[in-house]
Amino acid sequence: MFHIHLPDGAIRALKPASTAADLAASISPSLAKRTVAARVDGKLTDLSAPLPDGAAVELVTRDDPAALELIRHDLAHVLAEAVQALWPGTKTAIGPAIEHGFYYDFERDTPFTTEDLPAIETKMREIIAAKMPFTCEEWTRDAARAHFEAAGEPYKLALLEAIPEGEPIKIYRQGAWLDLCRGPHMRHTGDAGSAFKLTRVAGAYWRGNSNNQMLSRIYGVAFADKAALEAHLTMMAEAEKRDHRRLGREMNLFHFEEVAPGSVFWHAKGWRLFQTLIGYMRDRQEAAGYIEVNSPDIMDRALWETSGHWQNYRQNMFLAKTEDDRDYALKPMNCPGHMLIYGQGVKSYRDLPLKLAEFGKVHRYEPSGALHGLLRVRSFTQDDAHIYCTPEQLTEECLKVNDLVLSIYRDFGFEDVRIKLSTRPENRIGSDESWDRSEAALRAALDQAGHPYTIFEGEGAFYGPKLEYVLRDAIGRDWQCGTLQVDFNLPERFGTTYVAPTGDKMVPVMLHRALFGSLERFTGILIEHYAGHLPLWLAPVQVVVATVTGAADDWATEVAGALKAAGLRVETDLRNEKIGYKVREHALQKIPVQIALGAREAEERSISIRRHGTDKTQSLPLEEALQLLVAEARVPGVTGHSLCVGKP
RNA sequence: GCUGCUGUAGCUCAGAGGUAGAGCACUCCCUUGGUAAGGGAGAGGUCGAGAGUUCAAUUCUCUCCAGCAGCACCA
């Protein structure tokens with residue numbers, strides 16, 4: 001007899017070679033109607049595939065989260081059929097489901113434009129309405145090769161050749177159209193539903209390799225139902241509202257110019273935010289035993305040859321040749337400078353771990369297409385530090401960095417942090433043995449910390465493996481910020497040593513680490529994370545004191561003076577405008593606290609306070625408000641009382 | 001860097017082969033007004049840069065620069 005195990009533990013007897021569709025039908029007609037696929041022994045499969053005897057089968061209905069991937073993948077096929085119906089001869093490459101939707105890559109003499117999308121979408125809806133059944137066939141390699149050769153589909157042929165010998169070659173049909181595909185698919189094109197939208201066209205390299213042919217990619221978003229699609233589109237609109245490039249302009253924080261692509265012009269308010277972050281980090285690092293140093297921006301080629309940057313990183317460096325024909329380079333990293341600072345004087349094991357920190361501005365010639373507001377620039381300030389320690393101290397130092405970085409992110413409300421471990425890349429310096437040790441040290445620290453992590457093979461820096469800290473913002477987007485890298489190579493290249501207890505000269509291990517990563521980037525992330533509504537301690541202007549009438553000018557000046565004396569960042573607005581006008585303007589500037597003063601307040605020596613994001617006002621004595629605001633404006637972290645006033 | 005798109009006033013955007021417009025912002029005047037836009041007047045642009053076609057180019061063509069989306073790369 002033929003048995004199937006159901007998720008609730010029940011065992012069901014069916015006729016041999018039954019399919020999941022038969023199983024659903026045997027349970028109930030309504031279930032059969034809603035079921036679009038099955039999970040057989042944990043793996044998603046077609047409803048029409050024969051079940052193995054004794055399999056654990058879970059029926060997947062269309063509203064199952066697992067069906068979402070099928071919806072998106074089905075739509076990719078529908079998209080390809082629509083495109084080939086509209087433009088016969090278009091070559092197809094690959095079309096997977098992705099986060100939020102799907103895409104398909106095509107090759108065509110003239111790439112698609114957004115004007116083509118409505119027609120394609122209409123065609124897709126026709127194909128969906130036709131409810132063409134998806135059927136799976138297994139072909140021989142020769143048959144498949146013959147078919148795709150005849151069809152003029154070189155990318156399919158390449159994909160076919162990449163399928164290992166012995167694996168089945170599956171063809172999915174929907175009506176007259178077919179595709180080489182691993183599957184699974186739902187019952188018919190109608191199951192894909194109508195909650196989708198083609199969003200954009202873009203170029204994409206065949207197989208993701210920039211040496212390959214550029215294909216034309218069409219993207220779509222898709223969800224199980226209209227509500228989810230709407231929610232996603234709303235979320236996209238929300239992300240656009242938070243765009244730091246737009247908020248940066250509106251809030252007068254920074255701007256960019258054509259003469260300096262990828263370099264920030266910080267306005268007074270943006271710079272204050274930037275410096276507040278530096279002040280905060282300086283406090284946290286000082287408490288963690290770091291000492292701050294500073295190294296030159298431009299250094300001779302010889303240094304970069306010693307460090308290996310000249311050989312391995314030159315295409316990313318800004319070079320400077322002087323009148324006397326000497327080659328300099330703007331530093332793309334701070335580490336070589338720190339090597340020279342370490343190298344001054346003899347270091348003892350008693351000096352270790354030595355933690356040199358620098359808010360160094362580095363320049364990297366990034367590809368033009370990579371630039372993106374503050375998030376990807378060509379000159380940026382790192383909260384960089386290099387920790388020199390003994391091999392015995394290595395794991396503990398990694399752990400300390402890990403604790404520090406997570407604690408710092410928490411101060412900004414980033415609780416959800418993922419860690420990536422990137423191992424040795426092809427283009428690298430140093431022996432395999434030192435790479436073994438470096439990678440092992442990072443693993444050991446992570447295991448001890450008990451924090452889960454994901455390994456990315458071959459993605460380390462050329463001098464060492466690295467941890468990367470990815471944090472998730474208020475609307476669920478991921479941002480890569482901090483990094484921790486182990487380096488056995490640079491100390492060797494620079495001949496760096498310390499005197500061990502035995503009196504022998506030993507080579508220290510070095511850690512590179514940055515917690516914000518790039519101050520520019522982190523500022524941009526914060527703007528988006530907070531949607532411009534910065535917490536009081538970060539807001540460049542914390543309080544605006546605005547008058548209702550000229551009669552309150554003196555009182556407003558006095559109030560502002562008292563707030564300033566208490567260390568708050570305050571501006572006054574005594575303009576000849578109505579209070580509603582002033583309130584609106586400062587609300588648009590996302591000023592956290594507005595204080596409105598009229599004849600009444602001047603008379604009572606009180607203040608009327610209004611918090612950003614509300615339309616409520618509260619009347620308070622000045623003293624009380626002062627205490628409240630000062631407490632709220634306190635910088636989190638170690639000293640807890642620094643307001644960064646007058647800090648560099 | 002690659003593919004596609006875009007570049008007109010501080011911002012958001014119209015516009016046409018015959019040397020430019022709107023709203024907001026800005027300046028000035030009137031208004032002293034109680035929590036998201038009071039009224040009036042005014043000023044403001046080598047139409048991203050260079051070349052070409054044309055009697056004439058901001059408009060058409062080409063090259064470059066920058067930006068946007070994606071790819072690739074990356075903090």
Side-chain angles (χ1 to χ4, degrees), chain A residues 103 105 107-108 110-116 199-219 243 245-246 249-250 252 255-262 315-316 332-333 362 364-384 422 459 461 466 468-470 479-483 485 512 514-522 524-525 546-553 574-589 594-601 608-612 614-619:
Chain A
Y103 68 78
D105 285 346
E107 191 204 314
R108 188 171 161 239
T110 47
F112 297 103
T113 72
T114 41
E115 278 91 74
D116 297 324
T199 49
R200 55 175 59 106
V201 297
Y205 298 107
W206 166 236
R207 288 189 156 149
N209 185 328
S210 58
N211 296 321
N212 288 347
Q213 165 95 23
M214 173 72 73
L215 304 172
S216 184
R217 175 175 296 179
I218 298 178
Y219 280 96
D243 192 317
R245 292 166 298 184
R246 168 204 176 105
R249 188 177 54 237
E250 288 174 1
N252 195 13
H255 84 280
F256 289 90
E257 297 270 350
E258 283 200 11
V259 291
Q315 68 284 358
N316 288 304
M333 296 184 195
V362 295
R364 299 183 187 174
Y365 189 73
E366 299 291 341
S368 59
L371 303 181
H372 183 93
L374 295 177
L375 302 182
R376 192 72 186 276
V377 291
R378 283 184 175 153
S379 55
F380 57 98
T381 309
Q382 291 183 312
D383 58 329
D384 203 3
S422 298
E459 298 201 2
K466 58 184 177 184
E468 284 165 327
Y469 291 84
V470 179
W479 306 99
Q480 190 173 305
C481 291
T483 174
Q485 307 171 2
H512 307 242
L515 308 185
F516 288 149
S518 146
L519 263 299
E520 283 77 359
R521 184 176 159 76
F522 197 76
I525 292 167
T547 49
V548 179
T549 82
D553 284 2
L574 310 183
R575 289 176 305 168
N576 174 17
E577 295 292 349
K578 297 202 171 184
I579 191 64
Y581 182 92
K582 294 183 183 181
V583 165
R584 173 169 195 272
E585 203 160 88
H586 301 126
L588 288 173
Q589 285 291 305
Q594 290 198 52
I595 292 175
L597 302 178
R600 196 163 61 228
E601 286 80 7
S608 161
I609 190 167
R610 176 192 166 112
R611 309 297 306 242
H612 183 66
T614 74
D615 51 7
K616 290 201 192 75
T617 60
Q618 192 188 3
S619 194

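Labels below follow one simple rule: chain letters A, B, ... track the order of the sequence lines, proteins then strands, and each chain is numbered from 1.
B:G44 and B:A20 are spaced 13 Å apart, taking the C1' atom of each and rounding to whole Å. The same atom, P, is picked in B:U63 and in B:U3; the two are 12 Å apart, to the nearest Å. Straight-line distance between the P atoms of B:U8 and B:G45: roughly 15 Å, to the nearest whole Å. Spacing of C1' atoms, B:U59 relative to B:U6, comes out at 16 Å, to the nearest Å. The gap from the P atom of B:A51 to that of B:A69 amounts to 32 Å, rounded to the nearest Å. Taking atom P in both B:C47 and B:A9, the straight-line distance is 10 Å, to the nearest Å. The gap from the P atom of B:C68 to that of B:C13 amounts to 14 Å, rounded to the nearest Å. Nucleotides B:A36 and B:G42, compared at atom C1', are 27 Å apart to the nearest Å.
In this structure, A:Q382 reaches neither bases nor backbone, as no heavy-atom distance under 4.0 Å exists between it and the strands shown. In this structure, A:A599 reaches the bases: a heavy-atom distance under 4.0 Å links it to at least one base atom across the strands shown. In this structure, A:T617 reaches the bases: a heavy-atom distance under 4.0 Å links it to at least one base atom across the strands shown.
Between A:M333 atom CE and B:A75 atom C1' there is a gap of 10 Å when expressed in whole angstrom units. Per the geometry, CG belonging to A:D615 stands 18 Å off P belonging to B:G34, to the nearest Å. In this entry the distance linking CZ of A:R108 with P of B:G4 reads 12 Å, nearest Å. Rounding to whole angstrom units, CG of residue A:L574 and C1' of B:U32 are separated by 13 Å. Straight-line distance from the CG atom of A:N252 to the C1' atom of B:C11: 12 Å, rounded to whole Å. B:U32 atom P lies 20 Å from atom CG of A:L597, rounded to whole Å. One can place OH of A:Y365 at 18 Å from P of B:C73, the figure rounded to the nearest angstrom. Distance, A:R610 CZ to B:G34 C1': 12 Å, rounded to whole Å.
Under the rule for a salt bridge (Lys or Arg N to Asp or Glu O under 4.0 Å), A:D383 has no partner lying at least two apart in sequence or in another chain. Applying the ring pair (Phe, Tyr, Trp, His ring centres under 6.0 Å) criterion to A:F112, with sequence neighbours excluded, gives A:W87, A:F106. Here A:E585 pairs with A:R575 under the side-chain hydrogen bond (donor to acceptor under 3.5 Å, both in side chains) rule; sequence neighbours left out. Residues passing the ring pair (Phe, Tyr, Trp, His ring centres under 6.0 Å) test with A:F516 are A:F412, A:F522, sequence neighbours excluded. A:S210 pairs by the side chain to side chain contact (heavy atoms under 4.5 Å, CB included) definition with A:Y205, not counting sequence neighbours. Scored by the side chain to side chain contact (heavy atoms under 4.5 Å, CB included) test, A:A461 finds A:Y463, A:Q485 as partners (sequence neighbours excluded). Applying the ring pair (Phe, Tyr, Trp, His ring centres under 6.0 Å) criterion to A:W479, with sequence neighbours excluded, gives no partner residue.
The base of B:G34 sits within donor-acceptor range of the side chain of A:E601, with an N or O pair under 3.5 Å. The base of B:A25 lies outside donor-acceptor range of the side chain of A:E585, with no N or O pair under 3.5 Å. Residue side chain A:S608 reaches the base of B:U35 through a donor-acceptor N/O pair under 3.5 Å, judged by distance alone.
Remark: the backbone N or O of A:D553 is not paired with any side-chain donor or acceptor of A:T547 at under 3.5 angstrom. A donor-acceptor pair under 3.5 Å links the side-chain atoms of A:R364 to the main chain of A:P332, judged by distance alone. Of the possible donor and acceptor atoms, one in the side chain of A:E520 sits under 3.5 Å from a partner among the backbone N and O of A:T381. Put simply, the side chain of A:Q589 gets close to the backbone of A:E250: a donor and an acceptor are under 3.5 Å apart.
Of the two residues contacting RNA chain B, namely A:L588 and A:Q480, the nearest-nucleotide position lying further toward the 5' end is that of A:L588. Annotation: of the two residues near RNA chain B, A:Q485 and A:T113, the 5′-most nearest-nucleotide partner is A:T113.
A heavy-atom distance below 4.5 Å is found between the side chains of A:F256 and A:L374. In this structure, A:R521 and A:Q480 have side chains that are in contact, with non-hydrogen atoms separated by less than 4.5 Å. No side-chain heavy atom of A:F380 sits under 4.5 Å from any side-chain heavy atom of A:L519.
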Taking only N/O atoms, report every protein-nucleotides 37-42 of chain B pair under 3.5 Å with atom names and distance.
| unit_1 | atom_1 | unit_2 | atom_2 | d |
| --- | --- | --- | --- | --- |
| B:A37 | N7 | A:R584 | NE | 3.4 |
| B:A37 | N7 | A:R584 | NH2 | 3.3 |
| B:A37 | N6 | A:R584 | NH2 | 2.6 |
| B:A37 | N1 | A:R584 | NH1 | 3.2 |
| B:A37 | N3 | A:R584 | NH1 | 3.4 |

Check: protein-nucleotides 62-72 of chain B nitrogen or oxygen pairs below 3.5 Å:
| unit_1 | atom_1 | unit_2 | atom_2 | d |
| --- | --- | --- | --- | --- |
| B:C68 | OP1 | A:R245 | NH1 | 2.8 |
| B:A69 | OP1 | A:R245 | NH2 | 2.9 |
| B:A69 | OP2 | A:R245 | NH1 | 3.3 |
| B:A69 | OP2 | A:H372 | ND1 | 3.4 |
| B:A69 | O2' | A:R200 | NE | 2.8 |
| B:G70 | O3' | A:Y219 | OH | 3.1 |
| B:G70 | O2' | A:Y219 | OH | 3.1 |
| B:G70 | N2 | A:G203 | O | 3.3 |
| B:G70 | N3 | A:G203 | O | 3.4 |
| B:C71 | O4' | A:G203 | O | 3.3 |
| B:C71 | O2' | A:Y205 | N | 3.1 |
| B:A72 | O2' | A:S210 | OG | 3.3 |

Using the 3.5 Å cut-off, write out each protein N or O paired with an N or O of nucleotides 12-15 of chain B and the distance between them.
| unit_1 | atom_1 | unit_2 | atom_2 | d |
| --- | --- | --- | --- | --- |
| B:U12 | OP1 | A:R249 | NH2 | 3.1 |

N/O donor to acceptor pairs below 3.5 angstrom from side-chain atoms of residues 365-373 of chain A, sequence neighbours left out:
| unit_1 | atom_1 | unit_2 | atom_2 | d |
| --- | --- | --- | --- | --- |
| A:E366 | OE1 | A:R376 | NH2 | 2.7 |

> According to the Watson-Crick and G-U wobble definition with distances under 3.5 Å, which dot-bracket string, read 5' to 3', encodes RNA chain B, using [ ] for crossing pairs and | for pairs with another strand?
Replying inline: (((((((..((((....[..)))).(((((.......))))).....(((((..]....))))))))))))....
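Between A:I609 atom CD1 and A:E601 atom CD the span is 12.0 Å, to the nearest 0.5 Å.
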